[in-house]
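For reference, the structure is listed below as structure tokens.
Order of the sequence lines sets the chain letters (A, B, ...), proteins ahead of strands, with each chain counted from 1.
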Amino acid sequence: MIITPETWDKNKEITTDIAIIGSGCGGAMTAARLSEQGYSVIIIEEGEYVSKDDFDQNARNLVPRLYRQNASLGTDDQSIRILQGKAFGGSTTVNWMTSLRTPDWVLEEWAERFGLNEYLPEHLGKHFEMIEKRLNVHQVPDYAISPYNRIILDGAKMLDLHQKVLPNNSKDCIGCGSCGLGCPYDAKQDMRLTYLKDALENGATAYTSTHAYQISPESRDRHIVKATMQNQTIRFQAKRVVVSGSAIMSPLLLQSSGLTKGGQVGKNLSLHPVTAAIGQYDSEMHPTYGIPQSATAEYFDDTGYGYWLEAPDLELFLAGVNFPIIGPQRHEELKKLSKSAVIIVLVRDGADGKTDGEVRWRRGYNKQNGRITLKKVPSIRYRVSPTDRKHLMMGLETAIKIMFSTGAKRVFPFLNPSPELTDISQAPEVHKHPFQPNRISLFSAHPQGTCRMSKGKGVVDETGQMKHYPGVYVLDGSILPTAVGVNPMISILASVSRAIELGNLNL
Amino acid sequence: MIFPEKQNELLLCIGETILGIPAENLGDDFIQEINRYVGLLDDYLIKDLKNLVTMFGSRAMVFMRLFKFKKFVGLSPTDRLRYVKSWGTSRIPLLRTGYTALRSLCGWAYYSNDDHGEELGHLGKTIGREKETPTLLSPQFYPNSPLARGDMK
């Protein structure tokens, strides 16, 4: 059953076996697994309930409804924009569908550094298979590779780089190019259409537009979650609480609730920082249409860190916001958008042994009617480490070379100011650009790691249970101990599935 | 409205300088969308953005960056662009943050309007027009697609 503000019966005291906060990958998987065992499950989702009928491809209508902070979420200095879904299904409702398994070397690193010997490839294999089957994960067929993805395959071959076609979670996708605004054709097999659907069919209840703001553990088998819907407080009493709000929101909720023993909640933020370049061609690319991210070229060094390239579809608003130059030339250049392609460079961050990032509350103030009041505001702090910087700029250089190799006439890297490059020989010049906050456009859609799973210093154990708070679990992207080095949807689903297999929430 | 009406000229000036689109073409929709979008943000961000716009347009800031005692709207187009760029490349991190925020806000306010897609060569929404737009159902754009040939559902 789905509860919305319109269908809520005003019941403010609700008892359940399991209260899950968040309906993205982690929450959906947990809800499906536990509800199929017969437990009563309640999902509390801050975002709206949305279905394909809502997805009218209109950015002004959909961005405020589907993205946290109207897609303007970012680090405190705005140097890294973080795109994060905020709707039923979480970020899976708005992602670009890339569905890759966690690389073996990453899982081996987790075993070595964090003692997670239960998460080796031989343990996760069956979870990957099960998830891929449920989400209809398959390789994008050759005929469906868009022109702006084809350049990655062709360019990487010319440059002798490792490249491959990518799998995604779609069914009968027609390549409309509006993945980022929700799939209007129900082709994307996101959580709403898969694990949340399973959970609801098993009897779970989802409270949408409901903001959970406090968890109070009273005993191992009794926890209170306070939430608001339509400015009214609802108290959920549950035997187990599962926090699945994402690597940004989960630590903030735990900190608000005072569940911070161990001092690790909110630390170790990984982002897979992203930069990009846009290239102009003589032929039509139609980057606002087509199946996104159907090809990649990648480079990872001996330690397993490095970069990979993808070509997203470009919602008009994303192009307009992020085109890297300003002034009279800008709009004229944007008029060539249909003959342009964008390549994004994603970095597996943490190459220097750790990431310098944290999510926490900070003191802020509000001024209203001439009165100043103190309040807590969320704070995201992140600095790109030296080796990660090197990988970003290496990736940017490669992206530019790929574009020129495949016929681009001009390339604009997302630097400030952006040089107008006209020849492949200019690609190395990007290394001379000062790497300072807001001198290079950086983005992220993959926050991870802020409630690290570890046998040593970490927030949760191998079953997802908080080390200092029995009965409170964290099961989402925040438990991934390091950046995974691939688009993380499948990694989150598999890790959560494995955590439940190992502990079953100790029920 | 989040921004007072007297700042409309300033907002249009900023948009014109950053986006390279004449203020008259930005129009009321640009101002309304800036106000609507900012109004949807959290209180503390609204406050920050209001302060940013006021500071950006002030004589004091223009003087500090260009040594000209004029408000931003009183500058020549060349000086306006020079001023905006000076924020973007400043040694002061806060100014670069301001630059990024203003560029994003202006970009959103104009290009989130579907009516402007055509100027960029965008062929419009696919819903109901799947065969006319570059989707896999269109033989024109994907001649090898079995979906376009009707071989598949």
Name the option with the most non-hydrogen atom pairs under 4.5 Å to chain A; the candidates are L105(B), T89(B), L94(B), T133(B).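 Most heavy-atom pairs under 4.5 Å with chain A: T89(B).
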Name the member of P134(B), G107(B), G117(B) that forms the most heavy-atom pairs with chain A at distances under 4.5 Å.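 Top option by heavy-atom pairs under 4.5 Å: P134(B).
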Donor-acceptor under 3.5 Å ([X] side chain, [Y] main chain):
| X | Y | answer |
| --- | --- | --- |
| R330(A) | T17(B) | no |
| R96(B) | P437(A) | yes |
| Y289(A) | L123(B) | yes |

Side-chain heavy atoms of [X] within contact of [Y], under 4.5 Å:
| X | Y | value |
| --- | --- | --- |
| Y111(B) | V321(A) | no |
| V377(A) | D42(B) | no |
| N144(B) | D142(A) | no |
| P64(A) | R36(B) | yes |

Would you find more than 12 non-hydrogen atoms of other residues, nucleotides or ligands less than 6.0 Å from [X] atom [atom1]?
| X | atom1 | value |
| --- | --- | --- |
| K70(B) | NZ | no |
| K125(B) | NZ | yes |
| E9(B) | CD | no |
| E5(B) | CD | no |

Heavy-atom distance under 4.5 Å to chain B: side chain of [X], backbone, both or neither?
| X | answer |
| --- | --- |
| I145(A) | backbone |
| S340(A) | neither |
| S441(A) | side chain |

Classify the ring geometry between H286(A) and F141(B) as parallel (under 30°), tilted (30 to 60°) or perpendicular (over 60°). perpendicular
Given side-chain contact (heavy atoms from CB on, under 4.5 Å), test L19(B) with H331(A) step by step and report yes or no. CA-CA 6 Å; L19(B) 302 180; H331(A) 189 58; 5.8 Å; no
Say you draw a straight line from [atom1] of [X] to [atom2] of [Y]; how long is it, rounded to the nearest 0.5 Å?
| X | Y | atom1 | atom2 | result |
| --- | --- | --- | --- | --- |
| Q78(A) | R103(B) | CD | CZ | 11.5 Å |
| L316(A) | Y110(B) | CG | OH | 11.5 Å |
| L120(B) | L334(A) | CG | CG | 5.5 Å |
| L147(B) | I174(A) | CG | CD1 | 8.5 Å |

Please rank [options] by heavy-atom pairs under 4.5 Å with chain B and give me the top one.
| options | value |
| --- | --- |
| Q436(A), K336(A), R439(A), Q69(A) | R439(A) |
| S178(A), P434(A), P328(A) | P328(A) |
| G74(A), P417(A), S338(A) | S338(A) |
| A59(A), G175(A), C176(A), G327(A) | G327(A) |
| S79(A), S72(A), P141(A) | S72(A) |
| N416(A), L337(A), T288(A) | N416(A) |

Under 3.5 Å side-chain donor-acceptor pair for [X] and [Y]:
| X | Y | value |
| --- | --- | --- |
| R81(A) | S104(B) | yes |
| T97(B) | D77(A) | no |
| T126(B) | Y185(A) | yes |

Select one option (side chain, backbone, both, neither) describing which atoms of [X] are under 4.5 Å from chain A's heavy atoms.
| X | result |
| --- | --- |
| Y99(B) | side chain |
| N113(B) | both |
| E118(B) | neither |
| R80(B) | neither |

So which atom in Y142(B) and which in Y143(A) form the shortest heavy-atom distance, rounded to 0.1 Å? CD2-O, 3.5 Å
Closest approach of S112(B) and R60(A), non-hydrogen atoms and distance?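 Between these two residues, the closest heavy atoms are OG-NE, 2.9 Å.
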Passes side-chain contact (heavy atoms from CB on, under 4.5 Å), L81(B) versus I326(A)? Steps please. CA-CA 8 Å; L81(B) 186 59; I326(A) 63 163; 4.0 Å; yes
Any Lys/Arg nitrogen of K335(A) or E119(B) sitting under 4.0 Å from an Asp/Glu carboxylate oxygen of the other? no
